[in-house]
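Each ligand, and each atom within it, is numbered from 1 in the order the structure gives. Not measured: the values here are computed from a predicted model.
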Amino acid sequence: MADIFRLLSRSTKLKAPTKETHTSAFAATVSVPTTSTTTAEASKASKKRKRKAAKAKAEEDAAVPAELDFFGMAAAAAKKEKAEAGNKKRRVDNEDSEDDGSDVDVEVSSDEEEEEEEEPVVELTEEEGKKVLRENKLKIAQLHPLPAAPSAVESKDKKKKKKGKKEEEEKKVQHKPVPLSIEPLVAFEDLKRKFPVGRRLFANVMGRNFAGPTQVQMAALPILLAPEKLSGGEDLPKEEGPVSLLVCAPTGSGKTLAFALPLLSQLLKEKKEGSVKVGPKALILAPTKELAGQIVNELRRFGLGTGIRATLVKKGVDVRKVKSEILVGTPGVVLRSLQPEGDKKKKKVVKPETEGSDEESDEEETPEEIKLDGIPTLHTLILDEADVLLDDMFRSQTLSIWRSHTPTRVSLWSATIPSSTESLAKSLILTSSPSSRILRLTAGIQATSLPPITHTLTYCATEKGKLLALRQLLSSPTGFPTPALIFTQTVPRATALHSELLYDLPQQGRIAVLHSKLSEAKREQVMTRFRSGETWLLITTDLLSRGIDFSGVKLVVNYDIPTSVASFIHRVGRTSRSSSSTKGQSITLYTKPDIDVLHGIAAVISRAEDEAGKTEDEKSVKGWLLAALPKVEKRTRKEVAKRGVKGRAEAKITTRPGWERKHENRVQGAKEASRRRKEQGEGSGEESGEDIAFSAEESE
Ligand SMILES: Nc1ncnc2c1ncn2[C@@H]1O[C@H](COP(=O)(O)OP(=O)(O)OP(=O)(O)O)[C@@H](O)[C@H]1O
């Protein structure tokens with residue numbers, strides 16, 4: 001075993017960060033037939049679109065509430081608006097008078113309709129559509145109901161069991177997923193022309209200035225916006241039921257837009273028809289507060305001016321009194337707000353054991369499923385990061401919420417959807433909506449990391465070795481790529497590492513820690529600082545491994561090895577996202593006890609390198625090396641994913657005695673506070689002192 005470690009260490013030397021330009025892993029391959037249109041006409045239409053898009057974007061940025069303005073764009077938009085105020089009078093632009101930000105979607109004027117109709121509509125033939133889907137590794141399939149499990153009596157009888165098995169096999173064949181097809185969306189311009197998307201919604205999407213739909217958006221948007229256009233599966237019974245969708249697509253591939261846009265479009269349609277009662281129609285569940293807040297932010301940006309509202313469910317909110325059409329929250333908070341008043345006191349919620357577990361949660365967990373007061377108006381349920389929401393930590397809460405409603409439109413989204421999640425989802429969907437057509441959409445290769453990321457595995461022998469390796473990286477002459485995220489296995493390890501590195505960076509105040517034990521206000525502050533670029537290095541736990549969209553993260557360091565392959569994929573997926581041209585790096589430090597998860601992670605890296613077209617020489621995980629790593633039993637892997645790597649939670653992160661480190665931090669903190677006081681003057685000095693004291697205290 002020792003030899004394998006040495007070999008791995010040798011073959012995975014750190015490389016200096018490259019300065020190549022990023023080619024998005026999601027850049028959809030589209031070769032579509034062109035239609036004849038003059039350049040002048042095309043450019044006129046394009047200019048008008050761009051003007052509308054820029055205006056919609058400025059308005060949308062300005063309308064984002066301060067607590068959700070992660071990108072600090074509201075201030076910028078306000079500034080821009082002020083600067084443009086003088087020019088406004090001169091500009092005669094009909095659409096200005098229409099975009100009044102009112103709650104009702106504005107009807108398209110007849111002039112506009114005419115003008116828009118002049119634009120070329122690219123219709124793909126079925127074959128062309130299939131080719132685009134194939135080239136973009138998009139697979140759509142209709143899943144069938146699960147075969148019935150053999151009864152207990154049957155299983156006792158050996159002969160019957162054999163027969164049962166045979167029948168089951170036959171059923172499995174019958175129930176093989178049936179491939180389907182749909183004309184992919186090859187350009188956002190086609191949204192308006194081919195789908196019933198409102199004018200305002202369309203302008204909001206165009207306002208984001210995306211070059212084109214990502215792979216997952218190319219297929220998911222048509223499926224959800226116009227399921228009647230699905231083709232194939234001729235042998236299937238012609239079901240008229242609603243479509244439920246399971247989507248597995250890479251990290252950072254724009255899944256949020258893929259579910260937000262059809263949802264907003266559906267709600268707009270209902271609003272126009274005026275047939276639906278007031279109250280929440282859709283519930284989106286996400287595993288962390290940060291992700292839930294991010295989703296609300298995106299919904300508000302895409303839905304600006306449509307009158308469709310999204311509310312973040314926080315502690316103390318009674319969702320039954322909320323008037324918004326969309327609710328977004330974590331399972332724990334949503335569950336509590338749905339609990340009948342009397343039951344809130346009776347059923348004691350208990351904290352889950354998160355120390356050392358794979359997915360850190362800031363949730364309180366209920367020990368069993370609870371009967372809740374459902375929201376009668378709710379028809380849509382969306383699970384973002386569905387595999388976590390249906391895994392041990394959140395399962396009982398998610399199921400309680402799901403079973404208290406009868407949603408007819410369900411969709412589940414993640415970069416990793418194991419077969420167990422798929423089976424559970426199928427049976428839940430069929431219970432809540434028996435006539436549902438359950439579809440599965442996969443984009444790209446399953447269970448792999450993004451090809452643009454450069455991965456490195458570094459063997460460090462011991463815990464001390466990991467700290468030394470990280471310090472070496474920080475002081476590397478080629479520079480430490482920032483912004484960077486550093487992941488640890490537990491909260492205490494994150495705070496300990498933060499305390500250890502607090503004064504390591506040449507510039508003070510550039511390193512921070514974020515985990516579930518911090519107050520909500522502190523968490524928001526840390527997020528804002530990292531997003532704004534004030535913080536360069538953020539030490540965190542798996543709390544931030546899922547869904548969080550930081551633009552431009554250049555490096556992900558797995559200080560503690562992820563305890564599952566899924567966790568690795570999601571952690572490293574915080575870099576190289578479709579919104580950014582950053583070609584990210586991941587560095588995974590490991591020691592001997594990490595052997596149980598190493599094979600799975602090395603295999604993911606190897607697959608990603610194959611997909612990126614790297615030769616055997618260029619690959620960081622060589623074929624022979626992968627073959628030499630021991631494969632681990634599923635049971636052991638599950639145990640590690642649940643409890644963490646053995647002994648890790650207790651292992652100390654330090655090269656010095658605790659008292660020495662604390663003393664040094666205090667001295668450094670005092671020096672830093674004094675320096676800031678000098679810089680800022682006496683009045684504001686107190687505040688900086690408090691800030692430093694907080695950081696030092698946290699480490700104790
Ligand atoms: N068509 C597009 N082109 C470029 N960027 C896009 C596009 N659609 C969405 N984005 C941006 O890509 C980023 C990642 O999107 P999003 O957070 O939805 O990814 P995701 O697939 O949900 O990732 P994860 O699996 O990590 O949750 C966001 O900043 C989003 O605004």
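Within the 4.5 Å cutoff, the side chain of I295 has heavy atoms near those of the F259 side chain. Contact of the R208 side chain with the E298 side chain is registered, since non-hydrogen atoms from C-beta on lie closer than 4.5 Å.
Scored by the side-chain hydrogen bond (donor to acceptor under 3.5 Å, both in side chains) test, T398 finds no partners at all (sequence neighbours excluded).
When heavy-atom distances to ligand 1 are checked against a 4.0 Å cut-off, R546 has no atom that comes that close, whether in backbone or side chain.
The closest donor-acceptor contact from the side chain of Q215 to the backbone of K137 lies at 3.5 Å or more, if one exists at all. The backbone N or O of S253 lies less than 3.5 Å from a partner atom in the side chain of T214, making a donor-acceptor pair.
Close approach of ligand 1 to E385 is summarised as follows: ligand atoms under 4.0 Å from at least one heavy atom of the residue are 27 (O). Less than 4.0 angstrom separates some heavy atom of P250 from each of these atoms of ligand 1: 21 (O). Every atom of ligand 1 is numbered from 1 in the order shown, and the set under 4.0 Å from a heavy atom of T256 is 16 (P), 17 (O), 18 (O), 22 (O). Per-residue contacts place R208 under 4.0 angstrom from the following atoms of ligand 1 (heavy atoms of the residue considered): 31 (O). Of all atoms in ligand 1, numbered sequentially from 1 with element shown, those under 4.0 Å from a heavy atom of R574 are 26 (O). Every atom of ligand 1 with a heavy atom of F210 under 4.0 Å away is listed here by number and element: 1 (N), 2 (C), 3 (N), 4 (C), 5 (N), 6 (C), 7 (C), 8 (N), 9 (C), 10 (N), 31 (O). Heavy-atom proximity to F188, at under 4.0 Å, picks out these atoms of ligand 1: 1 (N). Contact atoms of ligand 1 toward K255: 18 (O), 19 (O), 20 (P), 21 (O), 22 (O), 23 (O), 24 (P), 25 (O) (distance under 4.0 Å to a heavy atom of the residue).
Put simply, CG on L543 and NE2 on H515 are 9.5 Å apart, with the number rounded to the nearest 0.5 Å. One finds the OG atom of S411 at 11.0 Å from the CG atom of L439 (value rounded to the nearest 0.5 Å).
Within 6.0 Å of NZ on K269 lie no more than 12 heavy atoms contributed by other residues, nucleotides or ligands.
Between F188 and F210, the ring-plane angle classifies as tilted under the 30° and 60° cut-offs.
At least one N or O atom of Q217 sits closer than 3.5 Å to an N or O atom of ligand 1. In terms of polar-atom proximity, G573 is not counted as a contact of ligand 1, lacking any N or O under 3.5 Å from an N or O of the ligand. Looking at L257 next to ligand 1, no N or O pair under 3.5 Å apart turns up.
Residue contact check for ligand 1: H570 places no non-hydrogen atom closer than 4.0 Å to it. Heavy-atom distances between A258 and ligand 1 stay at or above 4.0 Å for every pair.
Applying the salt bridge (Lys or Arg N to Asp or Glu O under 4.0 Å) test to residues at least two apart or on different chains, none of the pairs has a partner in residues 248-265.
Nearest to atom 20 (P) of ligand 1 by heavy-atom distance, out of A211, G252, S545, A443, is G252.
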